[in-house]
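These notes are about the structure you will find just below.
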Amino acid sequence: FMFFFFKQKTAYEISACLVGSEMCIRDRSTWDHKECFKCSQCTNSITGEAFPTEGKVLCDKCYTDSHAPTCKQCSIKILDKFVVCGKNQFHKNCFKCIKCKNLIETDEYYKTDDDMPCCQNCYQKTMKSCKGCGQIIQGQAFAALEATWHKSCFKCHKCRLVLTSYVTYDKEPYHKDCYKSMFVRECTHCKKTLDGDYFEVGNGQAILHEECVDAYKAIEAERAEKQRKEDEEKERKQREEREAAEKEAAKRQKEKEEAEARLKAAIEEAEKAKARKELEAKERAAKEAADRERRAREEEARLKREREEVERLAKEAEEIRLRAEAEEKKLKEKIDPRKLEFTKFYTLKELQTKPWPQDVLPEYREAYLSNQDFYKVFSMSKDDFYDLKDWRQEELKKKVKLF
C-alpha cells in the first residue's frame with residue numbers, strides 16, 4: 001500500500017523589517033501590519049505558518065482541525081503518514097484486519113463493502129466456492145440455481161459451452177436448443193410439439209399426431225417408390241459401367257501385350273547397337289591413346305628445346321645485365337650532378353611525367369630543377385642534398401616521385 005502525508009502544502013513565508021516602532025509584514029497578502037495578520041477562523045494573530053484556503057488564511061491549529069483526515073479505526077486526527085482504503089483513512093498502526101484485528105503490513109489485503117481492510121486469510125474463509133470447478137471465487141461471481149459459479153464455469157450440461165441464458169431441467173442448466181433436443185418431443189411430420197397421446201411408426205422411427213399419420217404414410221410411400229426407381233436406375237447404370245469397364249480392360253490388355261512385344265524387339269535392337277558402339281569405342285580409345293602417346297613424346301621434345309632456349313636466353317640476359325650494371329656503375333662514379341652544365345631547367349611536373357626531356361639523365365632528374373624549385377621541393381640546397389648518403393637521397397627522391 002501507499003503512504004500519504006498531511007500538510008503537503010505551501011505556507012506564506014513571513015519576514016519583517018523594522019519601520020519606526022511597527023512591524024511590517026512582507027508577503028503576498030494585503031495586510032500591512034503584524035497585528036492585522038489574523039486567522040480567519042479563530043481571529044488570533046498568526047505568528048508562525050499561515051495556510052491560504054478558499055480565499056481565507058488559517059493558522060496551523062485551525063487548519064489541522066478542519067483539514068486533517070480522521071482515522072477510521074481510532075477517530076483521532078492524522079498528522080503523519082496514513083493509509084487509504086477506499087474512502088477511509090487510517091494511521092499506519094491502526095491499519096488492521098476487520099476480522100482478526102491483526103496489523104496489515106503488506107499489499108496483500110482485501111477491501112470490504114464498507115471500505116474496511118481484511119487480511120488474506122480471513123477473506124478466503126468468507127469466500128464461496130464455484131459449483132462448476134470447486135475452486136474459491138476471488139473475482140466476480142455468478143449466482144444461479146441456488147449456487148455460485150465463475151462466469152466461465154456456468155456451462156450447458158449437454159454441450160459444455162458457456163451460458164448467457166439458460167433453461168433448467170432436473171436442477172441442471174441447458175441451452176434452449178440443447179434442452180429442446182433432449183427433452184421436448186416433436187411430430188416427425190409437422191414438427192410441432194407433441195402434447196398427450198401420439199403414434200409411433202416403424203419401431204419408433206417416427207412419432208406422429210393422430211391426424212398426421214395418413215399424410216406421413218402417403219409421403220413415405222411416395223418416397224419409397226421414388227427410392228425404388230432411383231435404385232433400379234442406379235443398378236442399370238452400374239451394370240452398363242461394368243460392361244464398359246470390362247471392354248476397356250480387354251482393349252488395354254491387348255495394347256499392353258503389343259507394347260511388350262515392341263519393347264522386347266526394341267531392347268534386342270538396342271543391345272546390338274550397344275555392342276557395336278562398345279566395339280567402336282574400344283577401337284577409338286586405342287587409336288586416341290596411341291595419338292596421345294605420340295603427342296606427349298612430341299610435346300616433351302618441344303618443351304626440352306624450349307627449356308634449352310630459355311636457359312640460353314637467360315644466360316645471355318644475365319651477361320647483358322652484368323655489363324649494364326658495370327657500365328652504370330662506371331657512369332655514376334664519373335658523374336657529379338653538381339658539376340653538370342645545364343642549358344635548361346624543368347618543372348617538377350615535367351620531370352615526374354614520362355617521357356622525360358631528351359637532354360635529362362633519368363637518374364639525376366632532380367638536378368634539372370632550378371635552385372629555387374629544388375629548395376621548395378627538398379627544403380635544402382643542392383649541395384646539402386648531394387652531401388647526404390645515397391640511401392637518404394633515394395628516399396627523398398621517392399617521396400617526390402623522382403626516383
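Once rounded to the nearest 0.5 Å, the distance linking CD of Glu366 with CG of Leu369 reads 7.5 Å. Note that SG of Cys97 is 9.5 Å distant from CE of Met116, once rounded to the nearest 0.5 Å. The NE2 atom of His91 lies 9.0 Å from the OG1 atom of Thr70; values are rounded to the nearest 0.5 Å. Between atom CZ of residue Arg302 and atom CZ of residue Arg307 there is a gap of 10.0 Å, rounded to the nearest 0.5 Å. Considering NZ of Lys234 and CZ of Arg239, their distance stands at 14.0 Å, rounded to 0.5 Å. Note that SG of Cys94 and CG of Asn88 are 12.5 Å apart. Values are rounded to the nearest 0.5 Å.
Counting heavy-atom neighbours within 6.0 Å of Lys96 NZ, excluding the residue itself, gives a total of 12 or less. Annotation for Lys101: atom NZ counts as buried by contact number, over 12 foreign heavy atoms lying within 6.0 Å. Enclosure of atom CD in Glu316 by more than 12 non-hydrogen atoms of other residues, nucleotides or ligands within 6.0 angstrom is indicated. Other residues, nucleotides and ligands contribute over 12 non-hydrogen atoms within 6.0 Å of the CD atom of Glu258. Atom NZ of Lys401 sits in a sparse spot, with 12 or fewer heavy atoms from other residues, nucleotides or ligands closer than 6.0 Å. Within 6.0 Å of CD on Gln372 lie no more than 12 heavy atoms contributed by other residues, nucleotides or ligands.
In this structure, Asp115 and Lys72 have side chains that are not in contact, with every pair of non-hydrogen atoms separated by 4.5 Å or more. By the 4.5 Å heavy-atom criterion applied to side chains, Asp390 and Gln393 are counted as neighbours. Between Leu348 and Asp373 the shortest side-chain heavy-atom distance does not fall below 4.5 Å. Phe378 has its side chain within reach of Leu402: a pair of non-hydrogen atoms, C-beta onward, lies under 4.5 Å apart. Within the 4.5 Å cutoff, the side chain of Glu288 has heavy atoms near those of the Arg292 side chain. Using a 4.5 Å heavy-atom cutoff, the side chains of Lys315 and Arg312 are not in contact.
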Next on the checklist: Working note: Glu278 + Lys274, criterion side-chain contact (heavy atoms from CB on, under 4.5 Å); need CA distance, chi angles, decisive distance, verdict.
Outcome noted: CA-CA 6 Å; Glu278 289 178 352; Lys274 182 179 178 182; 3.3 Å; yes
Item to check | Candidate pair Arg392 and Leu396, rule side-chain contact (heavy atoms from CB on, under 4.5 Å), full reasoning | outcome: CA-CA 6 Å; Arg392 180 59 178 158; Leu396 293 174; 3.7 Å; yes
Checklist entry - Under the salt bridge (charged side-chain N to carboxylate O under 4.0 Å, His left out) criterion, do Glu225 and Arg228 qualify, and how do the steps go? => result CA-CA 5 Å; Glu225 179 63 20; Arg228 184 186 64 79; 2.4 Å; yes
Next on the checklist: Pair Arg321, Glu318 - check salt bridge (charged side-chain N to carboxylate O under 4.0 Å, His left out), show working.
Outcome noted: CA-CA 5 Å; Arg321 185 184 65 78; Glu318 181 64 18; 2.4 Å; yes
Item to check | side-chain contact (heavy atoms from CB on, under 4.5 Å) assessment of Glu233 paired with Arg236 | outcome: CA-CA 5 Å; Glu233 181 65 18; Arg236 184 185 63 79; 2.3 Å; yes
Checklist entry - Yes or no on side-chain contact (heavy atoms from CB on, under 4.5 Å) for Lys304 and Glu308, after CA distance, side-chain angles and deciding distance? => result CA-CA 6 Å; Lys304 183 178 179 181; Glu308 292 175 352; 3.7 Å; yes
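The shortest non-hydrogen separation linking Asn93 to Leu103 is O-CD1, 3.6 Å. When every heavy atom of Asp359 is checked against every heavy atom of Tyr346, the shortest pair comes out as OD1-OH, 2.8 Å. The shortest heavy-atom contact between Tyr386 and Ala367 is OH-CB, 3.4 Å.
One N or O on the side chain of Gln352 and one on the backbone of Val400 form a donor-acceptor pair closer than 3.5 Å. Judged purely by atom type and a 3.5 angstrom limit, Lys397 has no side-chain atom pairing as donor or acceptor with the backbone of Arg365. Looking only at distances, no side-chain donor or acceptor of Lys99 sits under 3.5 Å from a matching main-chain atom of Cys118.
Checked against Phe385 for a ring-ring contact (aromatic ring centres under 6.0 Å, His included), the options Phe374, Tyr364, Tyr375 give a single hit: Phe374.
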